[in-house]
There are 2 protein chains.
Amino acid sequence: MDGLTINEAARTTGWSPRMLRYVERTGLVSPGRSASRYRLYGPAQLQRLRTLKELLAGFDIALSDVAFAARMTRDEELRAAVTAWLEAKPVRPEHVDAEDWLRFEQDKHEKLLAA
Amino acid sequence: MDGLTINEAARTTGWSPRMLRYVERTGLVSPGRSASRYRLYGPAQLQRLRTLKELLAGFDIALSDVAFAARMTRDEELRAAVTAWLEAKPVRPEHVDAEDWLRFEQDKHEKLLAA
DNA sequence: TAAACCTTGACACTCTCGTGCTAAGGTTTG
DNA sequence: CAAACCTTAGCACGAGAGTGTCAAGGTTTA
């Protein structure tokens, strides 16, 4: 039996047993299982649970936020798409190039035609 | 008047006027304002709204996810903390070093004492 | 000036997240 | 074997995301 069971893990990490199961469902911290399917938390998992708790509290972020960050880490395409969108951000309505204005005019025309 | 008003922008982007206001509150796409505080969407904003819509639909992610990614982009410390936590992930209960086991034993003892 | 727009604020509803608790049934252990 | 645990499933509930709609009041425009 190498690992703490769910209630023991809960006591040493500050999470509730219920939440440990929930965290597992998010895929962020998954314990191993005994032959009879009991969750077994090893030292690595316990440490991750503690630091995860600090991370959430320290920056006031949600489990789903970390889960999303994890997904971005795994999914190369997603990360590329999101960062690409974000990088295009610092565009101000003041500085617009000719092509953008062209599309803009087209929009206005489409709108007029649609009306 | 250089920019489309909210209803016009809604028609050309596929978002509802209500959602355009909501998106603005998330800080992801903020239009300029006319003298009388009317929202004015320029070509850049319109394009961002369209691509944002594709991004959400294409990867089945939420506005709040992109908002979180944006926050990580801005907040250096947050990004460092989250990536640090995620990078420590590929640790399997099988491969654990001596120090981890030491902490593990300490956990067990704490637990016994606390009981 | 009257119709058509825009603004903010608020009520409301559906979904998901985060959490607790209970039930029915297997496992471990004193 | 009986007490103490563990498992999954499910009910419940507050909070926040996402979205519509309506109201009261200012702006633009035909």
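Just so it is clear, the model here is predicted, and its values are computed rather than measured. Note on naming: letters A, B, ... go to the chains in the order of the sequence lines (proteins, then strands), and numbering restarts at 1 for each one.
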(request) Taking A:Arg50 for its side chain and A:Gly14 for its backbone only, find out whether a donor-acceptor pair lies under 3.5 Å. (result) no
(message) Using only modelled atom types and a 3.5 angstrom limit, is any donor from either the side chain of B:Tyr38 or the base of D:dG26 paired with an acceptor on the other?
(response) yes
(request) Report yes or no: does B:Arg48 contribute a side-chain atom to a donor-acceptor pair with the main-chain N or O of A:Trp85 at less than 3.5 Å? (result) yes
(message) I need the CE-C1' distance between B:Met19 and D:dT21, as an integer number of Å.
(response) 15 Å
(request) Check the surroundings of atom CZ in A:Arg33: do more than 12 heavy atoms from other residues, nucleotides or ligands lie under 6.0 Å from it? (result) yes
(message) On DNA chain D, compare the nucleotides closest to B:Ser64 and A:Ile6; which residue's is nearer the 5' end?
(response) A:Ile6
(request) For C:dT27, take OP1 and OP2 only and decide whether either is under 4.0 Å from a side-chain N or O of A:Ser34. (result) no
(request) Ignoring hydrogens and angles, tell me if any N or O in the side chain of A:Glu87 forms a donor-acceptor pair with the backbone of A:Ala84 under 3.5 Å. (result) no
(message) Side-chain N or O of B:Arg37 versus OP1/OP2 of C:dT8: is the shortest distance under 4.0 Å?
(response) yes
Taking only N/O atoms, report every protein-nucleotides 10-16 of chain D pair under 3.5 Å with atom names and distance.
none

(request) Round to a whole Å and report the spacing from OH of B:Tyr41 to P of C:dC5. (result) 17 Å
(request) Return no unless some side-chain N or O of A:Tyr22 is found under 4.0 Å from OP1 or OP2 of C:dG18. (result) yes
(request) Check for a donor-acceptor pair, side chain of B:Arg79 on one end and backbone N or O of B:Ala69 on the other, with a separation under 3.5 Å. (result) no
Report, one line per pair, each donor and acceptor closer than 3.5 Å where one atom sits in a side chain of residues 54-68 of chain A; sequence neighbours left out.
from    : atom 1 : to      : atom 2 : distance (Å)
A:Asp65 : OD2    : A:Ala62 : N      : 3.0

(request) Please answer whether the main-chain N or O of A:Gly42 pairs with a side-chain N or O of A:Gln45 as donor and acceptor at a distance below 3.5 Å. (result) yes
(message) Quick check on DNA chain D: between B:Leu63 and B:Ala35, whose nearest nucleotide comes earlier from the 5' end?
(response) B:Leu63
(request) Could you grab the distance from atom OG1 of A:Thr13 to atom CD of A:Gln47, nearest 0.5 Å is fine? (result) 10.5 Å
(message) Rounded to whole Å, please give me the gap between CD in B:Glu8 and P in C:dC5.
(response) 9 Å
(message) To check you understand the geometry: which heavy-atom pair defines the closest contact between A:Gly3 and A:Leu40, and what is its length?
(response) O-CD2, 3.9 Å
(request) Consider the side chain of A:Ser36, meaning its heavy atoms from C-beta on, and name the nucleotide among D:dG20, D:dA17, C:dT27 that approaches it most closely. (result) C:dT27
(message) Within the 4.0 Å heavy-atom criterion, would you say B:Arg33 contacts the bases, only the backbone, or no part of the nucleic acid?
(response) sugar-phosphate
(request) With heavy atoms under 4.0 Å as the rule, sort A:Arg21 into base, sugar-phosphate or nothing. (result) base
(request) Tell me which residues in residues 52-61 of chain A put a heavy atom below 4.0 Å from DNA chain D, sorted by number, or none. (result) none
(request) May I have the distance from A:Glu24 (atom CD) to C:dG18 (atom P), rounded to whole angstrom? (result) 15 Å
(message) Could you tell me how far apart B:Arg25 (CZ) and D:dG18 (C1') are, to the nearest whole angstrom?
(response) 10 Å
(message) Tell me the closest heavy-atom pair linking B:Val23 and B:Trp15, and the distance in Å.
(response) CG2-CZ3, 3.9 Å
(message) Of the options D:dT8, C:dT8, C:dT28, whose atoms approach the side-chain atoms of B:Arg39 most closely?
(response) C:dT8
